[in-house]
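These notes concern the structure reproduced below.
Here is the naming used below: chain letters follow the sequence lines, and residue numbers restart at 1 for every chain. This is a predicted model, so every value here is computed, not measured. Hydrogens, waters and symmetry mates play no part in the numbers below; they use all other heavy atoms, side chains included.
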2 protein chains.
Amino acid sequence: MAKPKKNEDVSAEERIKEAARKLFTEKGFDAVKTRDIAAEAGINLALLNYYFRSKQKLFDIVMIENFERFIKQLIPILGNEELSLDEILTQVTASYIDMLKLNPGLPFFIMNEMRSDSNKLQHVREKMAQVKARFLKRVEDTLLKKKISQANMAHMMMNFMGLIIFPFVAQPILMKVNNINKKEFDSIMEERKELVPIWLKAIMKANKF
Amino acid sequence: MAKPKKNEDVSAEERIKEAARKLFTEKGFDAVKTRDIAAEAGINLALLNYYFRSKQKLFDIVMIENFERFIKQLIPILGNEELSLDEILTQVTASYIDMLKLNPGLPFFIMNEMRSDSNKLQHVREKMAQVKARFLKRVEDTLLKKKISQANMAHMMMNFMGLIIFPFVAQPILMKVNNINKKEFDSIMEERKELVPIWLKAIMKANKF
DNA sequence: AAGTTTTTTAATCAAATGATTAAAAATATT
DNA sequence: AATATTTTTAATCATTTGATTAAAAAACTT
C-alpha cells in the first residue's frame, strides 16, 4: 500500500517538520490541525504520530528551532567586543531585517505563543531560558559598556525592536493601509537597514540620556 | 431549573460578551472554546447560542467593538484642524498609550485576526479605510507641507506605530527580558508619552526627508 | 392567579480532531 | 531469495467541540 520512499529529495520526517513549521508559524498552535500538517506534507496522518508521538511534541521541536533562529544570529555580533556602538547597530539591524524578510511570520509566532502563557511552552521554557540568558548577558554587557544606563535599556530595547520588528508583525495591516504589495514592502524594509541605525542614534541624542 | 435572573448587576447577555472579549483578546479565535466562554460568564452553554447564534457571530461583535475602541479616539484629534503637527504627535501619543494601558491585548488581537486573512474582518476593513482616509488627509497635508514625501509616509507610520504600539504587543517578552512587573512596565509607558513625540521629531530631522 | 412570553437549563447530536492499531509495502540484512 | 526491520497506510477509537432541542424556571401581562 505504501508510497515509494526512494527518489524523494527530502525525507518524510523532514517534510512533516517543515509543513508544521509553516502552518504553526502562520496560524498558531490551536488553529492548526494535525490533518492540515499531514496534507501539507503529503503524508498519512499516522506518520506524524509515528515520527513525533504527538502534536505537542512536534510543536515543541519547531518552536525551539524557531526561537533559536530568532536570536542566534545576534550572538556573534553582540559578542564581538571590538565593534563600536555604531557598528553594532548597523550590523544587527541589517542582519535582523534580512532574517525577517525570510521569516516574516516569526516574531508574531513567538509573541503569540509567549503571550498566551499557557502550558504549551512549559516544555520548551527551560531550553529557551538558557538561550535567552546568554543572549541578555551579552546585550547588557555590550550596551552598558557603551554608557547606556540600565534604566534606559528598556526604552532602547523597545525602540530597537519597535523600529525593526514591528513592521513585520504589522505587515498585513501596513500593506493595506499604505496600499503596497509584498515586493514594495520588502523594498521599504531594505531602506530601513540604512535608516534605522541613523534614527536610533538620533533618538539617543535627542533626550536626557 | 433556571437560575434567578433578577438582582444581577449585569445581564447574562452582557456577561457573555465580556467573557468572550476577555478570552478572544487573550487567546484568539481558535484557542477559545465556547465552553470556556460559558464557564467564564457563569452561564449555560446553550445560552451563548441562544443570544448570539454562533461562536463566529459572537466573535464578530466583539471584534468590531474592539476595533472601534482601537481607532475611535484618533478621529477627534486628527480631525482638529487647529492642531499643529507637534500637538498632534503629542496628543495622539498620549491618547494611544492611555488606551493601550487599559487594553494591552488589543493591538495583538487585531493583528492576529488581520493576519489570518479570513472573512471575519470584512467590516473591520471598511472602518480601517475610513481612518486611513482621515489620517492621510490630515497628516499628509501637514507633512507634505513640511516636504515629507509620500514614499516616506510608510516609514513614518511604521515608526509611529512601532514606538507606541510595539511595546504593548511585545509586553510579555519585554517584561521577562527586562525583569520588570506590570506596574513598572506601565510606568515606563508613561515616560514614553513624553519621549516618543520628541524621538519622532528627532527622526524626521535626522535623515534625507 | 392564570396564562403568555422570555430566559435558562440538561441532555443530546453530529462533526472534527488527536491518537492508536494492525497490517501492508518498502527497504535492509543475511 | 528468504528473513527481518523500517516506513507507511487504512481503518478505527475516544474526546472534544459547536450547535440544537425540548422542557423547566422565571418574568411579564392580563
Side-chain angles (χ1 to χ4, degrees), chain A residues 1-63 113 116 118-124, chain B residues 1-63 113 116 118-120:
Chain A
M1 273 179 190
K3 231 188 278 180
K5 178 199 161 193
K6 49 170 159 184
N7 86 350
E8 288 173 0
D9 38 352
V10 190
S11 74
E13 187 172 357
E14 195 54 38
R15 290 214 314 285
I16 294 171
K17 226 169 68 174
E18 275 316 306
R21 183 191 317 288
K22 181 186 167 199
L23 293 177
F24 279 141
T25 305
E26 252 171 37
K27 314 178 12 170
F29 186 81
D30 290 280
V32 173
K33 309 307 170 189
T34 51
R35 281 164 178 81
D36 300 341
I37 300 176
E40 174 81 24
I43 51 96
N44 185 283
L45 172 59
L47 201 56
L48 186 151
N49 289 285
Y50 171 74
Y51 279 125
F52 299 97
R53 284 283 293 171
S54 74
K55 180 188 180 186
Q56 181 64 57
K57 290 231 170 65
L58 174 55
F59 176 85
D60 289 351
I61 290 171
V62 168
M63 182 69 192
E113 304 301 339
S116 66
S118 70
N119 47 6
K120 283 198 293 287
L121 287 169
Q122 214 50 52
H123 318 79
V124 286
Chain B
M1 275 175 189
K3 230 189 278 180
K5 180 196 156 193
K6 50 172 161 185
N7 84 351
E8 288 169 1
D9 38 352
V10 191
S11 73
E13 186 173 357
E14 195 54 36
R15 289 214 315 284
I16 294 171
K17 229 168 64 175
E18 275 316 305
R21 181 189 323 285
K22 180 185 168 199
L23 294 177
F24 280 141
T25 305
E26 251 171 39
K27 316 178 13 171
F29 185 81
D30 290 281
V32 173
K33 309 307 170 190
T34 50
R35 282 167 178 78
D36 301 341
I37 301 175
E40 174 81 26
I43 51 96
N44 186 283
L45 172 59
L47 201 56
L48 185 152
N49 289 286
Y50 170 75
Y51 280 125
F52 298 97
R53 284 281 295 170
S54 74
K55 180 188 181 186
Q56 182 65 59
K57 290 231 169 67
L58 173 56
F59 176 85
D60 288 348
I61 290 171
V62 168
M63 180 71 193
E113 303 303 336
S116 65
S118 69
N119 49 5
K120 275 176 285 204

_Check this one for me: any side-chain N or O of A/Tyr50 less than 4.0 Å away from OP1 or OP2 of C/dA19?_
no
_What is the separation between atom CZ on B/Phe52 and atom C1' on C/dT8, rounded to the nearest whole Å?_
15 Å
*Which atoms form the tightest heavy-atom contact between A/Leu47 and A/Ala12, and what is the distance?*
CD2-CB, 4.0 Å
*Measure across A/Ala31 and B/Asp30 and return the closest heavy-atom pair with its distance rounded to 0.1 Å.*
CB-OD2, 3.4 Å
*Can you check the A/Phe59 CZ to C/dT17 P distance for me, whole Å?*
18 Å
*Give a yes or no on whether B/Lys33 atom NZ has more than 12 heavy-atom contacts from other residues, nucleotides or ligands under 6.0 Å away.*
yes
*Would you kindly give the OH-to-P distance between A/Tyr51 and C/dT20, to the nearest whole Å?*
17 Å
*Does A/Lys55 count as lying over the ring of A/Phe29, i.e. NZ or CZ under 6.0 Å from the six-ring centre, within 45 degrees of the axis?*
yes
_Just to verify, what does B/Ala41 make a side-chain contact (heavy atoms from CB on, under 4.5 Å) with, not counting sequence neighbours?_
B/Arg15, B/Ile16, B/Ala19, B/Ile43
*To the nearest Å, how far apart are A/Leu47 CG and D/dT7 C1'?*
7 Å
*Could you tell me whether the side chain of B/Phe52 reaches within less than 4.5 Å of the side chain of B/Lys17, counting heavy atoms only?*
yes
*Whole Å only: how far is the NZ atom of A/Lys57 from the P atom of C/dG18?*
15 Å
*Rounding to a whole Å, what distance do you find between A/Ile37:CD1 and C/dA16:P?*
18 Å
*Starting at atom CG of A/Leu48, determine the distance to atom P of D/dT9, rounded to an integer number of angstrom.*
12 Å
*Taking protein heavy atoms under 4.0 Å as touching, what does nucleotides 11-18 of chain D look like 5' to 3' if B marks base contact, S marks sugar-phosphate-only contact and - marks none?*
------BB
